[in-house]
Amino acid sequence: MGFEYLTNQIIVKDKNYEMPFSKGILARSLTAAGLKPSIAYSIAREIEEMLKEEGVKVINKDELRRRVYYYLIDKNYCHIAEKYLLWRRILKKHPIIILIGGASGVGTSTIAFEIASRLGIPSVIGTDSIREVMRRSISKDLVPMLYESSYTAWKAIRTPLPENCNIYITGFERHIEPVLIGVEGIIDRSLTEGLSVIIEGTHLVPGFISEKYTTMPNIIFIVLTLSSEEFHKKRFSARARVSNRPMERYLKHFKIIRMINNYIVDQAKKNNIPVVENVSISQTVEKCLEIITEKFINLDDGNDDDF
Ligand SMILES: Nc1ncnc2c1ncn2[C@@H]1O[C@H](COP(=O)(O)OP(=O)(O)O)[C@@H](O)[C@H]1O
Ligand SMILES: O=C(O)[C@@H](COP(=O)(O)O)OP(=O)(O)O
C-alpha cells in the first residue's frame, strides 16, 4: 500500500521510493539555487497549492522538477530556474564529493550539514568518525599521534625533530596522515557506488590529499577559517552548550588550534584551494554554494530536455 492511501498529501514518486510532498525539501533546493529562504518557502507553498488545485494526487519527480522550473520562469526568476535545474541535472547524473576542511571549531560540520541539506546530498561524514575507525585498525604503539587530538598530537612525538621545526604542526601532520587513508577509502567507495558525499573536518588539509583526487572534476575542496580569534573562541562555548565537548579543553589548546588554522589556510593558498571566512552561516553557505556551482557547472551537459 502506498502513501496515497494514508494521507491527503500529494505523493512524490521516484524510481525507488515515494514520499509525501514536502515544502521544506523543495524550499531547501530552491535556496541552493539562490533564493532567500523565506521566498523559497512561499514558492514551495504556492507550488503545492497549485498542484492541489489541479487535483494532482501523485507526481513523478521529473515532472515535479519540470513544474518547478516553469513556475520559476513564470514568476520571472529565470536565473534561479536555470540554477535549480542545473543542480538537479548534476546530482542526478554525477556523484559529487565535497571536502570541507578547517581547524577545530571554525564550523566545518555546521556548514557541511547546511550545504548537504540545500543540495539534497544524503551523506555527511566527519573526519573525527573516520579517525575513530582508523584507531581500531592501527595500534597506538605504531602511530601514537592518531590517538591524540589534532592539537595534542605533538605530545606523542618520540623522535628528535630538526631545529626550527614546529613541533605542533609536525604532530598535526602525523596525526592527519592515517586519517587520510580512511578519507581516500570513502572517496573511492562513493565514486564506485555513484553516491554524492560531503566529508568535513580538521584532517582535510590541502597538499595532503593525493592529487589523483583533488584534480577530479567532480571533487571540490574548500577550506573554512575564522580570522577573528575572538569569534573562534566563542564557537567553543557555543558548541559546549549543545554537546559533550567541554570548551575548557579547546581554550586550553587555543594557541595551537590557531596555529593549525593558519597552517591549513597557508596550505590552501599554496595549493589553490578556496578559503572561506565562516562568520555568518548564511553568507558562508552562499559563498560555498557559489564556489561549488562554478566548479560543477562544467559537469553539466546542458541538456534542457532532461528534467
Ligand atoms: N557561521 C557561524 N555563526 C555562528 N555560529 C557558528 C557558525 N558556524 C558554526 N557555528 C557554531 O560554532 C560551533 C562550532 O562549530 P562546528 O561546526 O562544531 O565546528 P567544527 O566542526 O569545525 O569543529 C557550533 O556550536 C556551531 O553551531
Ligand atoms: O582533534 C581535533 O581537533 C578534534 C576534531 O574535531 P572537530 O573539533 O573538528 O569537530 O577532535 P577532538 O579530539 O577534540 O574530539
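Any value given below was found using the heavy atoms of this structure, including those in side chains, with hydrogens, waters and symmetry copies removed. Whatever order the structure lists ligands and atoms in, that order sets their numbers, starting from 1.
- Between Lys233 and Glu229 there is no salt bridge, since no side-chain N of the basic residue sits under 4.0 Å from a carboxylate O of the acidic one.
- Nearest protein heavy-atom neighbour of atom 13 (C) of ligand 1: Arg235 O, 3.4 Å.
- Of the polar atoms of Ile111, none of the N or O atoms is found under 3.5 Å from an N or O of ligand 1, judged by distance alone.
- Look at Lys155 and Glu148 and you find no salt bridge, because none of the NZ, NE, NH1 or NH2 atoms lies under 4.0 Å from a carboxylate O.
- Considering backbone and side-chain N/O atoms, Ser149 comes within less than 3.5 Å of an N/O atom of ligand 2.
- Ion pairing of Arg66 with Glu63 is present here, as a side-chain N (NZ or NE/NH1/NH2) and a carboxylate O approach within less than 4.0 Å.
- Counting heavy atoms under 4.0 Å from ligand 2, residue Arg245 touches it through the side chain alone.
- The nearest protein atom to atom 8 (N) of ligand 1, hydrogens excluded, is given as Asn278 ND2, 3.1 Å; this is a heavy-atom distance.
- Taking all heavy atoms of Glu132, Arg131, Arg239 into account, the minimum distance to atom 11 (O) of ligand 2 is reached by Arg131.
- If you look at Val242 next to ligand 1, there are no close heavy atoms at all, none under 4.0 Å.
- Taking every heavy atom of Tyr151 and a limit of under 4.0 angstrom, the matching atoms of ligand 2 come to 2 (C), 3 (O), 12 (P), 14 (O).
- Within ligand 1, counting atoms from 1 as listed, the ones closer than 4.0 Å to a heavy atom of Val279 are 1 (N), 2 (C), 3 (N).
- Taking any N or O of Arg239, backbone or side chain, at least one lies under 3.5 Å from an N or O belonging to ligand 1.
- Shortest non-hydrogen contact noted between Trp87 and Ile292 is CH2-CG2, 3.4 Å.
- The pair Asp266-Lys269 does not count as a salt bridge, with every side-chain nitrogen at least 4.0 angstrom from each carboxylate oxygen.
- Using a non-hydrogen distance threshold of 4.0 Å, Ser280 registers as a contact of ligand 1.
- Without hydrogens or angle criteria, Ser149 side chain to Thr152 main chain gives no donor-acceptor distance under 3.5 Å.
- Proximity to Asp128 (heavy-atom distance under 4.0 Å) selects the following atoms of ligand 2: 6 (O), 10 (O).
- From the protein, the heavy atom lying nearest to atom 2 (C) of ligand 1 is Ile281 CG1, 3.2 Å.
- Taking distance alone, with nitrogen or oxygen atoms compared against 3.5 Å, Tyr250 approaches ligand 2 more closely than that limit.
- Heavy-atom proximity to Ala238, at under 4.0 Å, picks out these atoms of ligand 1: 25 (O).
- The neighbour count for Phe231 CZ, taken as heavy atoms of other residues, nucleotides or ligands under 6.0 Å away, does not exceed 12.
- Distances between N or O atoms of Ser109 and those of ligand 1 include at least one value under 3.5 Å.
- Looking at Glu290 and Lys287, a side-chain N of the basic residue comes within less than 4.0 Å of a carboxylate O on the acidic one, giving a salt bridge.
- Scanning Val106, Thr127, Thr108, Thr110 for the heavy atom closest to atom 9 (C) of ligand 1 points to Thr110.
- Considering backbone and side-chain atoms together, Ser150 places an N or O closer than 3.5 Å to an N or O of ligand 2.
- A salt bridge links Glu230 with Lys234; the closest basic N to acidic carboxylate O contact falls under 4.0 Å.
- Between Tyr151 and His175, the ring centre distance reaches or exceeds 6.0 Å.
- For atom 14 (C) of ligand 1, the closest heavy atom belonging to the protein is Gly105 O, 3.8 Å.
- Atom 8 (O) of ligand 2 has its nearest heavy-atom neighbour, among Ser129, Ser104, Gly126, in Ser104.
- Taking only nitrogen or oxygen atoms, main chain and side chain alike, His175 does not reach within less than 3.5 Å of ligand 2.
- Side-chain atoms of Ser22 come within 3.5 Å of backbone N or O of Ile25 as a donor-acceptor pair.
- By the 30° and 60° cut-offs, the orientation of the rings of Phe236 relative to Tyr250 is parallel.
- Proximity of a side-chain donor or acceptor of Gln9 to a complementary backbone N or O of Phe21 within less than 3.5 Å is detected.
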